[in-house]
Number of protein chains: 2
Amino acid sequence: MSTGPASDDTLPATPWERSPRRRPAARVPLTPERVVDAAYEVLDREGLDGLTMRRVAAELGTAVSALYAHVSSKDELLELMYQRMFAGLEIPDPDPDRWQEQIKEFARAGRARLLAHRDMARISMAHVPFTAGLLPQLERMLALFRNAGLPDRITAVVGDMLSTYLEGFTLEEEMWAARLAAQDGGDGTAAWERMRAEMEAYFASLPPDRFPHLTALSGVMADEDQDQRFEAGLEIIVRGLATYLDEDGARPAAPRGAADTADTADRGAGPGRTAGGTGHGRPAPPQD
Amino acid sequence: MSTGPASDDTLPATPWERSPRRRPAARVPLTPERVVDAAYEVLDREGLDGLTMRRVAAELGTAVSALYAHVSSKDELLELMYQRMFAGLEIPDPDPDRWQEQIKEFARAGRARLLAHRDMARISMAHVPFTAGLLPQLERMLALFRNAGLPDRITAVVGDMLSTYLEGFTLEEEMWAARLAAQDGGDGTAAWERMRAEMEAYFASLPPDRFPHLTALSGVMADEDQDQRFEAGLEIIVRGLATYLDEDGARPAAPRGAADTADTADRGAGPGRTAGGTGHGRPAPPQD
DNA sequence: ATATCGTGGAGAACGTTGTTCGCCGAATGA
DNA sequence: TCATTCGGCGAACAACGTTCTCCACGATAT
């Protein structure tokens with residue numbers, strides 16, 4: 001460079017002490033996996049808004065530009081993070097006796113994955129849910145629904161619906177947590193408790209003539225925790241699904257030991273046409 | 001070329017023709033509402049990623065810094081846009097005979113609002129759903145559910161669930177539309193048709209031994225359009241809700257003319273405790 | 001053992017973003 | 001008519017994603 005060197009702590013180490021130290025560090029040649037590792041580290045510490053390429057590079061002790069030899073763009077980095085989230089997610093073999101519980105277990109496992117890292121639901125929401133790597137999971141989920149006896153028309157729709165519920169619920173959960181953490185540092189349960197009390201008081205303070213139901217429910221609006229709310233929503237969906245079992249000649253409730261993964265051929269096309277899963281129609285035109 | 005004026009259309013108009021023209025323009029003194037108007041204009045033209053304070057200012061013909069006298073930050077601008085989306089959204093008086101249809105109509109109206117402007121679901125998802133301005137809508141929704149005969153425990157949960165489904169579904173819808181628009185300019189139905197064909201072919205091309213259900217459903221995975229898929233999911237939720245009607249001594253299905261908005265007192269606390277609507281429990285700790 | 005080559009990381013730079021600071025010009029009250 | 005106040009303007013700042021050029025290192029060939 002044409003000018004003088006910067007102040008001391010920005011100087012690179014002297015060669016005789018840098019060389020021996022660099023050996024162990026430089027021998028790990030910075031793979032995409034390591035970049036994703038560092039990105040997760042930064043994500044948990046700084047949140048999605050604080051997840052910058054510069055910070056990821058700093059986490060690895062490398063230059064920013066070095067990252068681009070392995071990930072090509074920040075979007076691809078987020079994509080890799082998204083895919084890793086589902087790595088090793090097992091969906092059990094269909095057991096028609098327990099299909100409701102199996103669906104719930106899948107949803108709980110998904111929520112746990114989303115909550116495992118900060119702002120994960122935001123990342124998840126920003127990606128189209130079915131990449132090639134996720135096809136096995138999709139297949140096993142379809143097996144769950146079809147073997148339960150759900151009509152194909154419903155099977156094709158419920159996968160998207162479940163993941164939408166999963167991601168949407170967890171996203172909202174994250175947002176409350178973030179808002180809470182922002183307004184005061186106490187990330188313990190005390191802050192939650194106080195906010196619940198505040199909300200309850202707020203609802204109760206509304207004019208009862210204009211908000212009869214809101215005020216009537218105020219005492220309990222802040223009562224259940226997130227786990228219970230998640231379960232309640234899940235239960236609504238599963239109950240809704242169950243109403244399709246005694247339709248179209250499908251098995252009535254949850255008969256024993258019938259269909260397993262191999263029953264695809266015999267129920268192939270159902271009553272008439274079956275219907276769309278990941279397929280999407282036309283985009284509804286913007287209306288003003 | 002540090003000096004020289006730019007080409008003609010970037011030049012401001014001459015004073016003698018600008019002054020009379022500026023009168024009507026400058027007499028509109030740049031309210032927050034006008035900023036939001038311009039922001040919507042930019043949003044529809046450039047998308048959320050292209051929604052820049054600089055572009056909004058350009059749309060208004062003002063300087064960027066002028067915006068900050070009225071909106072204070074981009075986040076607040078997005079908040080105002082979010083709130084305007086619900087302005088004038090009417091939720092009908094509860095009709096216990098038609099509660100299922102009323103819920104569906106609300107959801108359809110919500111989806112229409114979200115689709116009315118580009119990337120609106122992304123904005124909506126980023127905001128906590130219940131601001132003070134939205135309380136009347138929330139109240140009327142609670143009325144719908146309670147008058148239908150749903151237990152308070154369910155009423156408190158289903159509002160969030162419906163809006164989650166609404167926003168999540170539309171968000172995914174938007175993402176497909178955006179991806180489609182990006183990969184080729186043809187925003188007509190032809191592009192959608194081609195993509196559906198591609199997806200169908202892709203699913204069908206998978207190895208049937210590893211993906212029996214996916215291949216079995218391939219022919220119909222891309223069959224329904226978004227409207228039908230939305231309705232199908234809605235139907236699942238409503239059916240799930242209906243299963244709660246003959247519980248806890250609530251009315252069996254949809255009896256005539258009972259309860260209206262004034263019935264809050266008599267069914268106040270139901271069987272035991274009722275449960276949380278917007279309240280959220282503690283944040284589940286990150287697990288690694 | 002020496003010279004050559006190629007790869008991958010380093011550093012600086014570019015264009016763009018949200019936001020802030022100091023200034024000016026035009027309305028308004030005395 | 002003067003002083004004041006307020007809203008818009010231009011420039012600037014820090015930080016972002018991304019790209020460019022260059023250099024040092026290890027492996028290969030002679």
Side-chain angles (χ1 to χ4, degrees), chain A residues 1-7 9-32 34-35 38-39 42-43 46-81 126, chain B residues 2-3 5-6 10-13 15 18-20 22-23 25-35 38-39 42-43 46-81 126:
Chain A
M1 67 172 58
S2 59
T3 66
S7 59
D9 65 336
T10 70
L11 277 180
T14 50
W16 53 88
E17 73 174 1
R18 189 179 50 180
S19 283
R21 176 178 303 173
R22 215 207 245 152
R23 276 288 175 71
R27 279 280 60 80
V28 195
L30 193 55
T31 63
R34 284 193 60 219
V35 176
V42 175
L43 179 69
E46 319 265 1
L48 182 55
D49 293 328
L51 178 59
T52 71
M53 297 301 273
R54 283 175 165 83
R55 271 199 259 259
V56 174
E59 180 75 24
L60 288 166
T62 69
V64 209
S65 54
L67 303 179
Y68 285 86
H70 303 276
V71 290
S72 93
S73 84
K74 188 183 181 181
D75 276 341
E76 185 182 300
L77 174 57
L78 289 172
E79 176 79 28
L80 292 176
M81 295 176 74
Chain B
S2 60
T3 57
T10 70
L11 276 180
R18 189 179 52 180
S19 283
R22 210 206 250 156
R23 277 287 176 71
R27 279 282 62 80
V28 195
L30 195 54
T31 63
E33 286 73 27
R34 286 194 59 217
V35 176
V42 175
L43 179 68
E46 319 265 1
L48 181 56
D49 293 327
L51 178 57
T52 299
M53 297 301 272
R54 283 174 165 83
R55 271 199 259 259
V56 173
E59 180 75 23
L60 288 166
T62 70
V64 208
S65 53
L67 302 178
Y68 285 85
H70 303 276
V71 292
S72 94
S73 81
K74 187 183 181 180
D75 276 342
E76 186 182 301
L77 174 56
L78 290 172
E79 177 79 29
L80 292 177
M81 295 176 74

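In the text below, chain A, chain B and the rest are named by the order of the sequence lines, each starting its count at 1.
- Using a 4.5 Å cut-off on side-chain heavy atoms (C-beta onward), Thr52(A) and Glu46(A) make no contact.
- Separation of atoms NE2 (His70(A)) and CG (Leu80(A)) is listed at 12.5 Å; rounding is to 0.5 Å.
- The stretch residues 56-64 of chain B touches DNA chain C through Val64(B), each having a heavy atom within less than 4.0 Å of the strand.
- Under 4.0 angstrom from either OP1 or OP2 of dG9(C) there lies at least one side-chain N or O belonging to His70(A).
- The shortest side-chain heavy-atom distance between Leu67(B) and Leu77(B) does not fall under the 4.5 Å cut-off.
- To the nearest angstrom, C1' of dT19(C) lies 12 Å from CG of Asp75(B).
- The heavy-atom pair separating Ala39(B) from Val56(B) by the smallest distance is CA-CG2, 4.0 Å.
- With rounding to whole Å, Leu77(A) atom CG is found 10 Å from dG17(D) atom P.
- With distances taken from any side-chain atom of Tyr68(B) to the nucleotides dG17(D), dG8(D), dT20(C), the minimum falls on dT20(C).
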Every protein N/O lying under 3.5 Å from an N/O of nucleotides 15-17 of chain C:
{"unit_1": "dT17(C)", "atom_1": "OP1", "unit_2": "Thr52(B)", "atom_2": "OG1", "d": "3.2"}

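- When side chains are defined from C-beta on, Leu78(B) counts as touching Leu51(B), because their heavy atoms get closer than 4.5 Å.
- A donor-acceptor contact under 3.5 Å is formed by the side chain of Ser65(A) with the base of dG11(C).
- Closest of all the heavy-atom pairs between Val42(A) and Gly50(A) is CG1-O, 3.9 Å.
- One distance of note links CE of Met53(A) with OG of Ser73(A); it measures 7.0 Å at 0.5 Å rounding.
- Taking atom CG of Leu67(A) as the reference point, atom P of dG9(C) lies 9 Å away to the nearest angstrom.
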